[in-house]
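No experiment lies behind these values; they were computed from the predicted model shown.
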Amino acid sequence: MQILFNEQSRTFHLTNDKISYIMTVLPNGHLSQVYFGKKVHDKADFSYLIQSCARPTTSYISEEFHNIISLSHIRQEYPVYGTSDYRQPAIEICQTNGSKISDFHYQSHSISNGKPKLENLPATYTENDDEALTLTIHLQDPVTLVEIDLLYTIFAQNGIIARSAKIYNQGKDDVHLTTAMSLCLDLPDCDYEWLQFSGTWSRERHLKVRKLEQGITAINSTRGHSSHEHNPFIILKRPTTDENKGEAIGFSLIYSGNFLAQAEVDTHDVTRVLMGINPTTFDWKLEPNTSFQTPEAVMIYTDDGLNNLSQSFHKLFQKRLARGYWRDKARPILINNWEATYFDFNEDKLVTIASKAKECGVELFVLDDGWFGKRTSDYAGLGDWYPNTDRLPNGIKGLAERIENLGMKFGLWIEPEMTNMDSDLYRNHPDWILHVPGRHSSECRHQYVLDYSRKEVVDYIYNLLAKILREAKISYIKWDMNRSITECYSVAYPADRQGEIFHRHILGVYDLYERLTSEFPHILFESCASGGARFDPGLLYYAPQGWASDDSDAIERLKIQYGTSFAYPISSIGSHVSVTPNHQVYRLTPLHTRANVAYFGTFGYELDLNKLTPAEQEEVKEQIKFMKEYREVFQFGTFYRLSSPFENNVTAWMVVSEDKETAIVGWYRVLNGVNLPYSRIYLQGLNPDFCYQQSIDGKSYFGDELMNIGLVIDDPSAGQPYGDMATSCDFDSKVYVLKATNK
């Protein structure tokens with residue numbers, strides 16, 4: 001790992017054993033992108049890669065550089081609009097005279113060991129300075145005296161570059177920052193396929209693929225959160241790249257608010273990738289002697305296929321984004337009462353559910369919505385974070401003690417960013433919601449968004465929640481957020497700062513997370529947002545796992561969890577076994593398949609085990625026993641996608657322990673067939689020299705056999721069942737455990 005600078009050619013080269021990232025200072029002082037990809041040897045001058053020639057109807061930056069430098073045809077690091085570049089910019093600043101023209105020139109740079117912390121924002125980190133190097137390049141606009149520090153961190157391991165920008169106003173006048181991207185990458189061609197992960201409530205992060213063409217391809221959110229609709233993560237891959245070979249670049253924004261991710265292909269097939277805060281809803285007043293820090297964006301290059309790209313993201317997010325006590329610990333097996341009871345519960349009913357769960361081996365009982373204020377439906381109580389003693393006569397403290405006395409841990413649901421109009425909070429502070437005076441306020445789920453851009457609002461909620469957490473034995477918090485922001489206006493700020501509110505609100509959310517996780521470091525926080533509406537890297541910094549979707553149907557979860565796995569580690573994916581008929585799609589799915597899908601995540605139950613038959617309860621006990629034995633492999637092993645539910649009737653994936661001595665394969669067929677062809681799947685990541693015993697048939701196979709010849713998956717649907725042969729069905733599945741016997 002090195003960051004090299006050649007003073008004569010003014011060229012920077014960030015490199016490790018996987019990648020090279022090269023940029024140079026142009027003769028006019030602008031910063032040009034030269035190369036990002038597989039590692040290349042360093043040399044003094046890469047200027048031949050700055051391709052430039054005279055083109056008709058082209059604007060040039062000055063007479064001095066006529067026919068030499070047109071920013072329209074130069075790949076750049078942090079471009080502006082309007083000074084011969086007509087593409088979308090990385091930064092735009094509105095000045096007191098109304099001009100939005102800027103011109104940033106290289107001033108200096110510094111190289112430091114490790115990685116600096118971003119103020120008030122989540123970001124990747126290092127634990128030792130030898131894990132990464134950081135280059136800071138200092139730019140200045142000579143007219144406004146606005147300055148930019150571009151931060152580039154290269155990690156020692158894998159093809160990872162983390163980027164952000166800090167903008168300073170060193171001038172005498174206020175300016176308005178209307179665009180401030182975290183990342184710009186200009187690529188020399190457009191021969192890529194664009195992968196995005198989109199959907200809506202209950203079908204989040206579905207893989208969508210399209211070829212880049214001239215024009216703009218983009219995803220975004222303007223909802224105040226990263227959203228169900230689009231995840232702040234994209235991949236550009238070569239058309240021939242698949243899971244196991246080929247070039248790809250992944251881009252991820254470590255942020256939970258409004259975002260933009262786009263690729264603009266110009267008419268000369270140069271591709272500009274931008275990622276950062278969505279400019280549509282952003283206008284930050286930057287007063288003299290103040291600064292603005294963009295969120296961090298991470299980009300990862302691989303030439304070893306999409307599985308390798310995902311594994312690099314998994315390791316980074318799991319070990320150097322998630323933090324704290326639970327980062328490296330296997331997750332407890334939990335049961336949540338929501339789909340078992342909804343709002344219809346009392347203390348004894350909850351203890352009855354918990355008692356059966358304990359008997360089956362569950363370790364953590366989670367009380368969901370309805371425990372506070374006047375909360376007996378969606379209409380009331382949000383914001384009144386004190387126990388409803390009609391339901392819980394001994395309060396949260398008393399219920400937690402009863403659960404602890406069963407030998408289980410206790411967890412609690414909260415939704416701290418919202419309020420109902422029918423609440424003491426709203427009656428006492430009606431101006432604490434985001435709203436525009438004189439206009440109606442839109443509602444969703446009968447609730448309204450608290451104005452977290454205001455410190456007093458965050459302080460109030462913090463004090464209520466901290467009181468509960470100090471008084472009761474609480475081991476887990478499920479932090480929900482169930483609606484998007486509308487009427488984003490804060491009565492606490494003047495007119496010229498209303499463009500800051502979306503971002504200030506997210507900073508307030510982060511502040512509350514930081515304060516609670518710091519004071520209660522042993523509590524496991526799980527993020528949730530009406531399922532997966534804020535399943536993003538920003539929240540992984542505070543909560544090492546997230547509820548992936550409100551849709552707990554195993555078959556729907558195949559696509560949701562498969563799509564999620566492109567960026568996010570298995571230890572972060574909240575996945576539960578729920579009742580049938582499923583409460584979202586009303587599907588009847590075998591109990592073993594529900595578990596076989598949920599194993600590849602944090603694992604838990606979303607039902608009342610008392611209502612299962614004795615045989616089903618015994619099956620649950622075996623599921624829990626199995627998960628306890630292998631959960632560290634599931635959650636911290638190396639994950640491989642084998643067969644996509646977006647392309648096939650069969651989904652397959654697997655996870656391999658770090659020492660390669662244990663592998664677990666999940667195989668799922670959505671619809672059964674008759675007299676089907678024989679089938680096999682080709683495994684990945686095994687030690688070719690190990691001999692693995694397979695759990696279902698007990699036979700042994702060498703790793704190279706399983707990877708090159710395949711694991712045979714034949715069942716009664718291949719041919720005709722006879723004798724006592726078990727039949728197969730729709731929504732069938734198998735989990736194979738492979739253990740090395742000759743290591």
Side-chain angles (χ1 to χ4, degrees), residues 237-238 240-248 302-311 314 558 561-562 565-566 570 592-593 596-597 599-600 626 630 633-634 637-722 725-728 732-743:
K237 78 173 187 70
R238 297 300 190 183
T240 57
T241 297
D242 59 24
E243 290 285 9
N244 304 311
K245 66 180 186 304
E247 283 192 315
T302 184
D303 64 345
D304 289 325
L306 296 175
N307 270 320
N308 180 266
L309 181 73
S310 296
Q311 290 155 12
H314 293 179
L558 291 174
Q561 291 176 211
Y562 194 94
S565 76
F566 277 87
I570 302 305
H592 72 272
T593 292
N596 288 346
V597 175
Y599 289 141
F600 289 85
F626 176 79
Y630 293 109
V633 178
F634 279 117
T638 303
F639 182 79
Y640 294 85
R641 293 176 297 273
L642 304 177
S643 178
S644 170
F646 299 104
E647 299 173 358
N648 305 296
N649 187 48
V650 168
T651 302
W653 52 44
M654 66 181 292
V655 64
V656 184
S657 64
E658 186 175 353
D659 60 13
K660 299 184 183 293
E661 293 180 7
T662 304
I664 306 172
V665 181
W667 175 90
Y668 314 88
R669 185 171 55 214
V670 176
L671 296 179
N672 202 11
V674 176
N675 203 12
L676 292 174
Y678 297 121
S679 66
R680 63 183 70 177
I681 52 176
Y682 297 90
L683 306 190
Q684 298 289 328
L686 303 177
N687 186 318
D689 300 320
F690 283 0
C691 188
Y692 294 90
Q693 186 176 40
Q694 191 244 88
S695 60
I696 292 183
D697 65 15
K699 296 178 181 178
S700 294
Y701 310 87
F702 280 100
D704 58 359
E705 285 183 82
L706 294 167
M707 292 188 289
N708 297 317
I709 300 175
L711 176 66
V712 173
I713 308 290
D714 294 339
D715 62 20
S717 64
Q720 180 177 348
Y722 62 90
M725 184 182 292
T727 57
S728 57
D732 205 359
S733 66
K734 299 184 179 92
V735 167
Y736 299 82
V737 178
L738 302 165
K739 288 190 174 182
T741 58
N742 70 331
K743 53 185 183 291

Compare every heavy atom of [Y] with every heavy atom of [X], then report the nearest pair and how far apart it is.
X	Y	value
Val656	Gly685	CG1-O, 3.6 Å
Ser733	Thr593	OG-OG1, 2.7 Å
Tyr701	Asp697	OH-OD2, 2.8 Å
Met707	Leu683	CG-O, 3.2 Å
Cys691	Asn742	N-OD1, 2.5 Å
Ser565	His314	O-NE2, 2.6 Å

Test item: [X] and [Y] side chains (from C-beta on) under 4.5 Å apart, heavy atoms:
X	Y	result
Glu658	Thr638	no
Ile570	Val655	no
Leu706	Gln694	no
Val735	His592	no
Phe639	Gln311	no
Ile664	Val633	yes
Gln693	Leu738	no
Ser643	Thr651	no

Donor-acceptor pair, [X] side chain versus [Y] backbone, under 3.5 Å?
X	Y	value
Thr241	Ala248	no
Asn307	Arg641	yes
Glu705	Phe702	yes

**Request:** Fit a plane to each ring of Phe626 and Tyr630, take the angle between them on a 0 to 90° scale, and name the class: parallel (under 30°), tilted (30 to 60°) or perpendicular (over 60°).
**Result:** tilted

**Request:** Would you sort out whether Leu309 and Phe566 count as a side chain to side chain contact (heavy atoms under 4.5 Å, CB included), showing the intermediate values?
**Result:** CA-CA 8 Å; Leu309 181 73; Phe566 277 87; over 6 Å; no

**Item:** Candidate pair Gln561 and Val597, rule side chain to side chain contact (heavy atoms under 4.5 Å, CB included), full reasoning
**Value:** CA-CA 9 Å; Gln561 291 176 211; Val597 175; 3.8 Å; yes

**Request:** Mind checking side-chain hydrogen bond (donor to acceptor under 3.5 Å, both in side chains) for Asn308 and listing every partner two or more places apart, or none if nothing turns up?
**Result:** Thr302

**Message:** Just to verify, what does Asn687 make a side chain to side chain contact (heavy atoms under 4.5 Å, CB included) with, not counting sequence neighbours?
**Reply:** Lys660, Asp689, Phe690, Tyr692

**Request:** Apply side chain to side chain contact (heavy atoms under 4.5 Å, CB included) to Ser695 and list each qualifying residue two or more places apart in sequence or on a separate chain.
**Result:** Val737

**Request:** Enter the distance from Glu247:CD to Lys237:NZ here, rounded to the nearest 0.5 Å.
**Result:** 12.0 Å

**Message:** Taking salt bridge (Lys or Arg N to Asp or Glu O under 4.0 Å) as the definition, give me every residue that meets it alongside Asp242, ordered by chain and number, with sequence neighbours left out.
**Reply:** Lys245

**Complete:** Those residues at least two apart in sequence (or on a different chain) that pass ring-ring contact (aromatic ring centres under 6.0 Å, His included) with Phe646 are His206

Give the table of side-chain donor-acceptor pairs shorter than 3.5 Å for residues 666-681, with sequence neighbours excluded, one pair per line with atom names and distance.
from   : atom 1 : to     : atom 2 : distance (Å)
Tyr668 : OH     : Asn596 : O      : 2.6
Tyr668 : OH     : Trp653 : NE1    : 3.1
Arg669 : NH1    : Asp715 : OD2    : 3.3
Arg669 : NH1    : Ser717 : OG     : 3.0
Arg669 : NH2    : Asn672 : OD1    : 3.1
Arg669 : NH2    : Asp715 : OD2    : 3.0
Arg669 : NH2    : Ser717 : OG     : 3.4
Arg669 : NH2    : Ser728 : OG     : 3.3
Asn672 : OD1    : Ser728 : OG     : 3.3
Asn672 : ND2    : Ser728 : O      : 3.3
Asn672 : ND2    : Ser728 : OG     : 3.3
Arg680 : NH1    : Ile709 : O      : 3.1

